There are 2 protein chains.
Amino acid sequence: MAKEIVDFFRSIHPISDEALTFLLTHILPVSVKKGKFLRSPIDNTEMIYFVVKGLVRGFIKVDGQDITTWINAEGNMVGSIQNLGVDVETEEYIQALEDATLIAITRESLDEMYATFPEANIIGRKILERYYREADERSFLSRLPSAEKRYKRFAETRGTILSRVTLKYLASYLSMKVETLSRIRSKIAGK
Amino acid sequence: MAKEIVDFFRSIHPISDEALTFLLTHILPVSVKKGKFLRSPIDNTEMIYFVVKGLVRGFIKVDGQDITTWINAEGNMVGSIQNLGVDVETEEYIQALEDATLIAITRESLDEMYATFPEANIIGRKILERYYREADERSFLSRLPSAEKRYKRFAETRGTILSRVTLKYLASYLSMKVETLSRIRSKIAGK
C-alpha cells in the first residue's frame, strides 16, 4: 500500500533513496469505517493522511451545526489545515464518508523530512500550491450568490465525487438546505 | 524598498548570498493608484507581488457582478491563485483599494529561483502553508450561516484592516448586501 503514496510523491518530483527509506519507516496504514472520525479537536497527535480509497470530509461545529469545509477522495492528502505550520488549537473534525483506507504520517515526521531532505520541500511546496488553489476554489464557490450556481460549479469541477456525497453533507458543503439541494437536483434532472 | 521583501523572506528562513543577489536583480517596484488594476484576465505576464504599503483585493466577475475572494494589506504576498503552479487561464482581477506600493517578481523568475536555490522551496512552502490556512479561513467564513456571524468573524480575525475596507467591497467579500452590512454595523455600534 506504501506504493500509492510513493507513486504520488514521485509523480511530483524525484525522491532520493534516503528520503524514501525515511518515508517508508515513518508511515502507517489506517482503516476507518464510514461515519467514524480520523480527527477531532481533542486529538493530541497531529497526523497527515494520504487517501488510498474512500471519501472523507473536514468540518467545524458552529453553535451545534456542522460546517463542511472540504470533501476529498482517493489520491489526496488530507489533514487539519488551521494549524498547518503553526502551533495553535483548531476545532477541525475529519470524518470518513465511506469506508476508507489511508496512509498516515505524523506532523512531527513530516517536519523531520522537511528539515532533512531538500526535495521534500519541493514536493511539499507543489502539493501546497495545489491545495491553495483548491481552498481558493472552495472560497469562491461558497460566495456564488445563488444555490443553483454553487451546485452547478461543484458539479462542473468535482463531477467525479458528485454522486458519492450524500445530500446531507453536500448541502452542508454548498451552504444550502437539504430541501434546496433536492429541488435543484430534480430541476436539473428534469431538463 | 527591496529591504522590505528581503526582511520578509529572512523572517521565514535564511537566504544564501547567491539567492539574494538573484532576487535583488529580478524584482521591480510598482506603484498603483487606488481603484486601478494590478491584474486582469487578459494579462500576459504573470506577476507575484509583495505589498509594501496599501490594500488590495482579488475578485472574479460572475454574470457582471464582482465576487471579492480576498483582501490583503502590507506585509503580504498577492497574485492570481487559480493558475499557481499550473498553466491555465484564470478570470481573476487584482485591484488596489488604496494607493499602493508593491514589489513585483515574474512567475518565471520565481520558478527559476525554485529550480536554482533549495532554500527558496523552504520559504515558498512555509508561505504557502500560511496562505493555505488563510484561504481555508475565507472558505470557512463564507459558509457561516448568518451575515452577522460572518461580519463578527471578519472583525475578530482581520480587525487591523476592518476600518480600511469600504462597505461595498467588504459586503462583497462577506457575501451580503451593503444594506445588511450597514445594519449589522449600526447594531453592533449601538450596543
Side-chain angles (χ1 to χ4, degrees), chain A residues 12-13 58-60 62-63 65-70 77 79-86 88 90-92 110-111 114-115 117-146 149-150 153 157 172-177, chain B residues 12-13 58-60 62-63 65-70 77 79-86 88 90-92 110-111 114-115 117-146 149-150 153 157 172-177:
Chain A
I12 297 168
H13 191 83
F59 71 93
I60 293 174
V62 176
D63 302 336
Q65 190 186 338
D66 286 9
I67 298 190
T68 300
T69 53
W70 56 262
M77 305 285 304
S80 60
I81 300 169
Q82 284 305 318
N83 60 355
L84 200 63
V86 287
V88 298
T90 163
E91 296 298 309
E92 292 159 270
L110 186 66
D111 286 343
Y114 281 142
F117 307 105
E119 72 265 37
N121 290 281
I122 299 174
I123 295 171
R125 191 256 300 168
K126 290 190 176 184
I127 290 175
L128 282 159
E129 284 175 350
R130 171 175 154 195
Y131 287 107
Y132 182 31
R133 292 196 307 268
E134 295 187 2
D136 185 68
E137 167 66 23
R138 297 197 291 274
S139 172
F140 170 66
L141 180 145
S142 68
R143 284 180 169 78
L144 288 171
S146 87
K149 278 182 188 160
R150 292 197 295 279
R153 179 87 185 180
T157 54
S172 166
Y173 179 74
L174 298 175
S175 302
M176 61 181 75
K177 293 192 177 109
Chain B
I12 298 168
H13 192 83
F59 71 93
I60 292 174
V62 176
D63 302 337
Q65 191 187 335
D66 286 10
I67 298 190
T68 301
T69 52
W70 56 261
M77 306 285 303
S80 59
I81 300 169
Q82 284 305 317
N83 60 355
L84 199 62
V86 287
V88 297
T90 164
E91 295 300 310
E92 292 159 88
L110 185 65
D111 286 343
Y114 281 143
F117 307 104
E119 73 264 37
N121 290 281
I122 299 174
I123 295 171
R125 191 255 301 169
K126 290 191 176 184
I127 290 175
L128 283 159
E129 283 175 351
R130 171 175 155 193
Y131 287 107
Y132 182 32
R133 292 196 306 268
E134 294 187 2
D136 185 68
E137 167 66 24
R138 297 197 291 274
S139 172
F140 170 66
L141 180 145
S142 68
R143 285 179 169 78
L144 288 170
S146 86
K149 278 181 188 160
R150 292 196 295 279
R153 179 85 186 181
T157 54
S172 167
Y173 179 74
L174 298 176
S175 302
M176 60 182 76
K177 293 192 178 111

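Here is the naming used below: chain letters follow the sequence lines, and residue numbers restart at 1 for every chain. None of these values were measured; they are calculated from a predicted model.
Neither the backbone nor the side chain of B:F59 comes within contact range of chain A, judged by heavy atoms closer than 4.5 Å. In this structure, chain A has a heavy atom under 4.5 Å from the side chain of B:Q65, while its backbone stays farther away.
Of all the listed residues (A:T69, A:I81, A:L128), the one sharing the greatest number of non-hydrogen pairs under 4.5 Å with chain B is A:I81. When each of A:A120, A:G124, A:S175, A:S142 is checked for heavy-atom pairs under 4.5 Å with chain B, A:S142 comes out on top. With chain B as the partner, the residue from A:V62, A:L141, A:I127 showing the most heavy-atom pairs under 4.5 Å is A:V62. In terms of non-hydrogen atom pairs under 4.5 Å with chain A, the most contact-rich of B:N121, B:I67, B:L174 is B:N121.
Using modelled atom types and a 3.5 Å distance limit, the side chains of A:S139 and B:S139 yield no donor-acceptor pair.
Between B:D136 and A:A135, the shortest heavy-atom distance links the atoms N-CB, 4.1 Å. Of all heavy-atom pairs between A:Y131 and B:Y132, the closest is O-CE1, 3.3 Å.
Judged by the 6.0 Å and 45° rule, A:R143 forms a cation-pi pair with B:Y173.
Between B:F140 and A:Q82 the shortest side-chain heavy-atom distance does not fall below 4.5 Å. Proximity of B:K149 to A:D63: side-chain heavy atoms (C-beta onward) are separated by under 4.5 Å at one or more points. No side-chain heavy atom of B:Y114 sits less than 4.5 Å from a side-chain heavy atom of A:I122.
Just one residue in the list B:T90, B:V88, B:V86 forms a side-chain contact (heavy atoms from CB on, under 4.5 Å) with A:R133, and that residue is B:V86.
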